[in-house]
A.B. asks: 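Got a structure for you, questions after.
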Protein chains: 2
Amino acid sequence: MEHSGTGDPRETLRLLWRENQVRSGRGRPPKVSLAKIVEAAVAVADQDGLDAMTMDKVAAALGVGTMTLYTHVPGKAELLDLMVDAAWRELDLVPAGDWRAQVEHYARQTSNLHERHPWLRGVSTVRPPLGPGLFARQDFLLSALAGTGLPAAQASAAVDAIVTFVEAAAGAQAEHRQAETLSGQSTADWWTDRQVFWEEIFDPDRYPAITQSWQDGGFDRTAAQATTHAFTLGLKALLDGIAAMTSQH
Amino acid sequence: MEHSGTGDPRETLRLLWRENQVRSGRGRPPKVSLAKIVEAAVAVADQDGLDAMTMDKVAAALGVGTMTLYTHVPGKAELLDLMVDAAWRELDLVPAGDWRAQVEHYARQTSNLHERHPWLRGVSTVRPPLGPGLFARQDFLLSALAGTGLPAAQASAAVDAIVTFVEAAAGAQAEHRQAETLSGQSTADWWTDRQVFWEEIFDPDRYPAITQSWQDGGFDRTAAQATTHAFTLGLKALLDGIAAMTSQH
DNA sequence: TTCCATTCCGTAGATCGTACGGTAATGTTT
DNA sequence: AAACATTACCGTACGATCTACGGAATGGAA
């Protein structure tokens with residue numbers, strides 16, 4: 001797992017929050033800018049995965065020497081921070097409807113976001129980049145949950161629980177598709193390659209509940225469908241449970 | 001994010017499911033065994049993180065040349081698969097109580113597991129190693145959810161939703177502690193380093209809900225506490241929601 | 001004793017991030 | 001116009017890392 005939040009704090013915060021500032025006019029005119037570097041890095045990661053997001057490849061995508069990047073960004077860790085916040089800023093979070101509709105809107109937006117940027121799943125979210133994207137999301141969800149009337153401590157925990165579930169479920173969903181493009185092998189083919197498992201290794205007596213569920217048609221046709229199904233059902237259950245808490249206060 | 005399930009299928013399945021087989025007696029006597037390699041790799045990752053789990057370091061921990069490992073394991077990807085399944089096999093899943101007690105038992109066990117092996121968070125769970133650990137977990141949860149009386153398709157989706165949430169929440173919890181030991185910097189110090197943010201950058205007017213929640217005491221004292229709080233509340237809400245579904249069938 | 005299946009491992013090539021120091025290009029000053 | 005200050009560009013090199021290759025070592029079998 002890639003870790004973010006490891007660079008020099010002040011410098012990273014400056015890069016995250018700086019407005020488009022005017023150049024002093026002095027010195028050599030830049031061929032690239034920070035924004036273009038982040039954009040190129042995101043494009044590489046979207047296309048070929050986070051492992052392929054190397055300084056070499058980002059520089060090549062910009063038609064620039066590798067070491068040029070270090071003029072604009074302190075290092076790869078900081079670049080990752082900027083990529084994450086740039087992605088989060090893509091969320092279109094406009095309040096509409098009751099708190100539940102707003103959370104569901106957030107969930108859909110996040111699902112789409114991970115679909116566009118499946119590499120997000122591979123970045124640690126402890127010690128996240130303290131940028132505009134993170135705070136916009138947090139403010140939106142806290143504002144939505146305020147509509148439940150829950151006390152502040154519970155509302156805050158509910159937001160964190162929602163974020164945890166939605167990020168994980170959306171990430172898993174997106175990762176299925178990414179695994180197919182990166183490996184060049186469809187999930188169906190991946191399972192076909194492991195057909196021997198069911199034929200020669202799996203012991204129905206050892207796993208009766210799995211066998212029973214199989215016989216009862218409990219398994220979705222594809223792994224991606226199962227993930228989507230779990231996302232939908234899980235979010236509904238989670239929000240139902242949170243709604244039930246409001247009647248106790 | 002590290003990816004598993006990338007190696008030769010038949011070979012990996014053989015390694016995952018092989019019983020302790022007898023040696024033929026011919027050839028040079030081995031200094032190491034597959035089991036010891038996996039054990040050492042897990043120990044290195046526990047101690048120093050997944051990034052530090054290099055073939056060099058694992059071999060060194062065993063007092064053996066790096067290339068010796070490749071006699072016993074096809075490559076690093078397969079070793080990772082074996083590590084993950086070995087970890088999952090540590091779960092002590094004995095059915096006791098009703099379905100809800102069983103799921104809560106699973107959640108506690110998983111939380112402890114991630115605490116012992118925080119690197120688990122960094123391994124992709126799409127295309128997982130099809131080993132005994134995974135199937136034991138799945139069978140346990142499907143068996144528990146059978147107690148709800150939900151139809152098979154919904155029970156299966158509920159299991160996936162629970163796994164998604166519990167893995168994410170437990171992983172986040174464990175990652176807090178790991179971040180402290182790996183970086184040598186406590187979470188409190190990390191925030192102190194970013195104090196400037198609140199003093200110079202954060203704009204209360206731009207994020208009213210965050211500011212309001214702050215004033216209402218909505219934030220936990222520490223990030224780790226917030227994560228634990230979210231885990232507890234989220235699991236309760238999720239299970240309440242699932243329980244509510246059973247009354248409709 | 002000879003053979004040989006099996007394990008051990010040194011070397012080397014490719015791919016990373018990035019420290020270092022030099023080069024190039026512009027506006028400003030003289 | 002010439003020199004300077006400032007900024008951006010980037011070639012080289014070093015240390016990790018995974019692993020392909022092939023040879024050396026070992027000890028039972030023939």
Side-chain angles (χ1 to χ4, degrees), chain A residues 1-4 6-8 11-12 15 18 21-37 40-41 44-45 48-83 119 122, chain B residues 1-4 6-8 11-12 15 18 21-37 40-41 44-45 48-83 119 122:
Chain A
M1 171 153 305
E2 303 281 339
H3 294 276
S4 62
T6 55
D8 174 49
E11 179 63 12
T12 307
L15 295 174
R18 72 167 179 182
Q21 52 206 9
V22 271
R23 274 194 14 97
S24 68
R26 294 163 62 99
R28 184 178 183 167
K31 285 171 66 174
V32 294
S33 64
L34 179 60
K36 292 204 170 191
I37 291 174
V44 170
D48 302 326
L50 199 52
D51 288 348
M53 199 284 283
T54 68
M55 300 303 264
D56 278 9
K57 293 213 181 76
V58 172
L62 292 165
V64 138
T66 306
M67 292 313 292
T68 298
L69 302 183
Y70 288 88
T71 303
H72 305 273
V73 92
K76 200 190 177 189
E78 289 80 3
L79 178 53
L80 190 61
D81 273 354
L82 294 168
M83 289 170 65
W119 49 268
Chain B
M1 170 155 304
E2 303 280 341
H3 294 275
S4 62
T6 55
D8 174 51
E11 180 62 12
T12 307
L15 294 174
R18 75 167 178 182
Q21 52 206 9
V22 271
R23 273 192 18 94
S24 70
R26 291 165 62 97
R28 186 177 182 166
K31 285 171 68 173
V32 294
S33 63
L34 179 61
K36 291 203 170 190
I37 291 174
V44 170
D48 303 324
L50 200 51
D51 287 348
M53 199 284 283
T54 68
M55 299 305 263
D56 277 11
K57 294 211 181 76
V58 172
L62 292 165
V64 136
T66 306
M67 291 315 291
T68 299
L69 302 184
Y70 288 88
T71 303
H72 304 276
V73 99
K76 200 190 177 189
E78 290 80 3
L79 177 54
L80 190 62
D81 272 355
L82 295 168
M83 290 169 65
W119 49 268

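Below, read A as the first sequence line, B as the second, and so on, with proteins coming before strands; counting in each chain starts at 1.
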A.B. asks: Let me know the distance between NZ of A/Lys76 and P of C/dG17, rounded to the nearest Å.
C.D. replies: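 Rounded to whole Å, this separation is 4 Å.
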A.B. asks: Can you tell me which nucleotide in D/dT26, C/dA5, C/dC9 comes closest to the side chain of B/Pro29?
C.D. replies: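 Closest nucleotide among those given: D/dT26.
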A.B. asks: Please walk me through it: do B/His72 and B/Lys36 pass side chain to side chain contact (heavy atoms under 4.5 Å, CB included)?
C.D. replies: CA-CA 10 Å; B/His72 304 276; B/Lys36 291 203 170 190; over 6 Å; no
A.B. asks: Which part of the nucleic acid, if any, lies within reach of B/Gly27 when heavy atoms closer than 4.0 Å are counted: base, sugar-phosphate only, or nothing?
C.D. replies: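 Answer is base: heavy atoms of B/Gly27 come under 4.0 Å of a base.
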A.B. asks: When we call it a touch if two heavy atoms are under 4.0 Å apart, what does B/Thr71 touch: a base, just sugar-phosphate, or nothing?
C.D. replies: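 The residue B/Thr71 makes base contact.
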A.B. asks: In Å, rounded to the nearest 0.5 Å, how long is the span from CE of B/Met53 to CG of B/Leu80?
C.D. replies: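 Those atoms lie 5.5 Å apart.
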A.B. asks: Any base atoms under 4.0 Å from A/Thr68, or only sugar-phosphate, or nothing? Heavy atoms, all strands.
C.D. replies: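 Since a base atom lies under 4.0 Å of A/Thr68, the category is base.
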A.B. asks: Once you round it to whole Å, what is the distance between P of D/dA16 and CE of B/Met53?
C.D. replies: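 So the two atoms are 19 Å apart, to the nearest Å.
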A.B. asks: Mind calculating the distance between CG (B/Leu79) and P (D/dT19) to the nearest angstrom?
C.D. replies: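 In whole Å, D/dT19 P lies 10 Å from B/Leu79 CG.
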A.B. asks: Ignoring the backbone of B/Arg28, work out which of D/dA24, D/dC18, D/dT12 is nearest its side chain.
C.D. replies: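 So the nucleotide nearest the side chain must be D/dA24.
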A.B. asks: With respect to the side chain of A/Thr54, which nucleotide from C/dG27, C/dG17, C/dC8 is positioned closest?
C.D. replies: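 Between C/dG27, C/dG17, C/dC8, the one nearest the side chain of A/Thr54 would be C/dG17.
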A.B. asks: Dot-bracket for DNA chain D, 5' to 3', counting Watson-Crick or G-U wobble pairs under 3.5 Å, with [ ] for crossing pairs and | for inter-strand pairs?
C.D. replies: ||||||||||||||||||||||||||||||
A.B. asks: Taking all heavy atoms of B/Val58 and all of B/Ala40, pick out the closest pair and write down the distance.
C.D. replies: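 Taking every non-hydrogen atom into account, CG1-CB, 4.2 Å.
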A.B. asks: Of all heavy-atom pairs between B/Trp119 and B/Met83, which one has the smallest distance, and what is that distance?
C.D. replies: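 In this case the closest contact between B/Trp119 and B/Met83 is CH2-O, 3.7 Å.
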A.B. asks: B/Asp56 has an atom CG; how far is it from atom P of C/dT15, in whole Å?
C.D. replies: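 So the CG-P distance, B/Asp56 to C/dT15, works out to 19 Å.
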A.B. asks: With side chain to side chain contact (heavy atoms under 4.5 Å, CB included) as the criterion, how do B/Thr66 and B/Thr54 come out once you've worked through the C-alpha distance, each side chain's angles and the decisive distance to 0.1 Å?
C.D. replies: CA-CA 10 Å; B/Thr66 306; B/Thr54 68; over 6 Å; no
A.B. asks: For B/Ile37 and D/dT19, what is the distance between atoms CD1 and P respectively, to the nearest whole Å?
C.D. replies: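 After rounding, the gap between these two atoms is 13 Å.
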A.B. asks: Would you say a side-chain N or O of A/His72 is under 4.0 Å from OP1 or OP2 of D/dC9?
C.D. replies: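 Looking at the OP1 and OP2 atoms of D/dC9, one of them is under 4.0 Å from a side-chain N or O of A/His72.
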A.B. asks: Want to settle it: does B/Thr66 or A/Lys31 sit nearer the 5' end of DNA chain D, counting the closest nucleotide to each?
C.D. replies: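 Counting from the 5' end, the first nearest nucleotide belongs to A/Lys31.
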A.B. asks: Within this structure, what is the OH-to-C1' distance between A/Tyr70 and D/dC10, rounded to whole angstrom?
C.D. replies: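 Rounding to the nearest Å, OH of A/Tyr70 and C1' of D/dC10 are 13 Å apart.
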A.B. asks: Starting at atom CG of A/Asp51, determine the distance to atom C1' of C/dT15, rounded to an integer number of angstrom.
C.D. replies: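 To the nearest whole Å, that distance equals 12 Å.
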A.B. asks: Where is the tightest heavy-atom contact between A/Pro74 and A/Glu11, given as atom of each residue plus distance?
C.D. replies: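 Scanning both residues, the minimum pair turns out to be CG-CG, 3.7 Å.
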A.B. asks: With A/Leu34 as reference, evaluate A/Leu79, A/Thr71, A/Val73 under the side chain to side chain contact (heavy atoms under 4.5 Å, CB included) test and give the passing residue.
C.D. replies: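 Output: one option passes, namely A/Val73.
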A.B. asks: Nearest whole angstrom, please: distance from the P of C/dT23 to the CE of A/Met67.
C.D. replies: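 So the CE-P distance, A/Met67 to C/dT23, works out to 17 Å.
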